[in-house]
Amino acid sequence: MKKTGDDYYDSQEFHDMLAVYEKAVSTGQPVFMDADELSEIADFYQLQDRLDEAERAIRLALSLSPGAIAPLTYRIHEAIYNGDTQRAWQLLDQIVEKDDPDYVYDRGEILIAEGRIDEADEYFRSEFRKTPPDEYQDFVVDVASIYSDYGISEKAMEWMSRAKHEDTPDFKELMARTLFGLGKYNDSARLFSELIDTDPFQKRYWNSLASAQFMNEDYSDAIESSEYAIAIDPDDPDGLIAKANGLYRLCNYEQAADYYTRYLQQEPDDEFAMLHLGTCLINIGQTDKAVDTLEQAAQTAPSDSPYLPDIYQELAFACSEKGDTDSALLWLDKTDDLPCDHVQILAVKGHVCLSAARLDEAEHYFHEALANSNDTPQTLLRIIVSLYDNRYLEGAHKMLLQFFDIAGDNNTEGYAYMALCCHDLHRYDEYLHYLEKACQLNPRECRMVLNHLFPTDVEPEHYFDYLKEKMQN
């Protein structure tokens with residue numbers, strides 16, 4: 001049976017209990033288990049996305065013990081997930097064991113789900129004051145874990161600071177997750193590395209390490225960590241998406257497309273992955289396939305998906321590549337009522353028209369973008385990049401010089417684009433000058449803009465040094 005990554009659900013003890021349950025169900029025999037055991041089985045089925053079986057187990061648990069806390073907690077989490085906190089409160093009232101710590105956790109979690117963070121924290125603190133000293137540690141760690149699950153990392157760390165340090169995997173993992181949420185990616189990665197030293201076959205640790213490395217822009221290391229998770233479980237969605245994202249950031253679009261495809265075989269409704277797969281396909285010249293993928297993403301994404309504007313933009317780029325300018329503009333029009341950067345959309349419309357040599361329309365959209373921009377230098381840079389992409393090299397070069405004057409001495413952007421522009425114009429002294437500046441000020445932009453000019457094993461901050469050494473040799 002496929003592993004979940006949870007130590008208990010992957011244990012022989014649990015699988016022995018599960019086998020007894022499944023045998024009773026399959027043969028129509030009575031199930032001699034308590035509500036806690038049946039709730040654990042329901043949780044396991046839910047992790048496995050076997051929702052009908054989870055529902056059967058939890059209904060049985062509630063029929064045997066209507067007021068039991070474990071199955072009602074399952075139902076409360078279900079209601080919270082569905083956004084129905086009113087139902088969650090009703091279920092909480094049905095719990096008989098109101099002196100159980102899980103009742104406190106359920107009540108606090110509903111308050112958090114409703115956005116009543118201060119009220120939840122006051123409630124937790126009032127209950128903490130009633131907690132016997134020998135239960136302090138469990139209480140503060142459990143509350144910290146709830147906050148961490150909801151991404152409220154400051155509160156999670158506040159509660160973790162009340163705990164006595166434990167050199168246990170569970171405590172260390174919670175601390176690592178909390179540090180990750182606080183943006184302390186190096187510290188988080190260090191703890192996950194320590195956990196891996198104690199259990200190198202736990203794919204959850206490898207994926208978490210990959211996430212911390214990715215957020216720290218250590219993309220090569222993130223890919224390597226994800227490969228260990230995939231080696232443990234070749235169909236692990238978290239490992240596959242982590243490797244795909246790392247390859248994408250390194251502009252290795254062909255391999256990234258392969259891993260996004262493998263991930264989507266496991267998670268077929270993820271519009272984020274479809275969006276990035278579509279972008280990869282555009283970059284490797286498979287435009288028709290990109291349009292199909294992105295249209296599927298547009299159909300799959302819920303109406304409130306934060307990725308819809310990006311999906312429509314990528315569809316516009318794909319249609320533009322095919323020479324279908326009108327369709328590209330129609331896709332961009334779909335962003336009118338969406339919360340997004342509408343100045344960016346105007347700049348993209350200008351780019352699409354420029355690609356089709358519809359110069360008057362392009363000029364209109366670019367002027368409108370600048371007029372509506374609160375960040376004129378950034379918008380100007382977008383327009384310059386569009387000029388470069390459409391091979392108006394002299395115009396892009398001239399406007400980049402103007403951009404540097406407008407952006408000021410503290411600006412770090414645009415130098416990689418200027419280096420590329422000078423390279424294509426065969427102005428090699430200028431190319432070296434701007435390449436050196438780009439490497440010093442913005443390695444990230446260097447990787448994105450200039451990676452195709454350098455070997456993949458050269459880090460972007462070393463592009464200039466590599467080229468100088470090559471010239472000397």
Is the closest side-chain donor-acceptor distance between Y8 and E40 under 3.5 Å? yes
With distance as the sole criterion, is a donor-acceptor pair present between the side chains of D106 and T73 under 3.5 Å? yes
For D292 and Q296, what are the C-alpha separation, side-chain angles and deciding distance, and is it a side chain to side chain donor-acceptor pair (under 3.5 Å)? CA-CA 6 Å; D292 291 341; Q296 183 184 355; over 6 Å; no
Side-chain donor-acceptor pair under 3.5 Å between Y259 and N245, yes or no? no
Mark yes or no for whether N82, through its side chain, and E78, through its backbone, hold a donor-acceptor pair below 3.5 Å. yes
Do F272 and H276 make the cut of ring centroids closer than 6.0 angstrom? yes
Would you indicate whether the side-chain heavy atoms of L240 and I230 approach each other to under 4.5 Å? yes
State the CG-CG distance between L381 and L400, to the nearest 0.5 angstrom. 7.0 Å
Taking the six-membered ring where the residue is Trp, are the ring centres of Y219 and F214 under 6.0 Å apart? yes
Would a 4.5 Å heavy-atom cut-off, applied to side chains only, mark E119 and E114 as touching? no
Evaluation steps, ring pair (Phe, Tyr, Trp, His ring centres under 6.0 Å), between F139 and Y105: CA-CA 9 Å; F139 188 91; Y105 305 147; 5.8 Å; yes
So R125 and W159, do their side chains get closer than 4.5 Å, heavy atoms only? yes
What I want to check is whether the side chains of Q12 and D16 have a donor and an acceptor closer together than 3.5 Å. yes
Answer yes or no: are there more than 12 heavy-atom neighbours, outside E97 itself, under 6.0 Å from its atom CD? yes
Give the intermediate values and the outcome of ring pair (Phe, Tyr, Trp, His ring centres under 6.0 Å) for residues F317 and H351. CA-CA 9 Å; F317 287 131; H351 173 85; 5.7 Å; yes
So, E271 versus S305: side-chain donor-acceptor pair below 3.5 Å or not? yes
Is any side-chain heavy atom of R75 closer than 4.5 Å to one of L62? yes
For Q213 and E224, does a side-chain donor sit closer than 3.5 Å to a side-chain acceptor? no
Look at the rings of F128 and Y136 and say which category their plane angle falls in: under 30° parallel, 30 to 60° tilted, over 60° perpendicular. tilted
Walk me through whether K289 and E295 qualify under salt bridge (charged side-chain N to carboxylate O under 4.0 Å, His left out). CA-CA 10 Å; K289 194 173 179 182; E295 285 182 345; over 6 Å; no
As an exercise, state the distance from CD of E37 to OH of Y21, rounded to the nearest 0.5 Å. 12.0 Å
If we ignore angles and hydrogens, is there a donor and acceptor under 3.5 Å between the side chains of T300 and D269? no
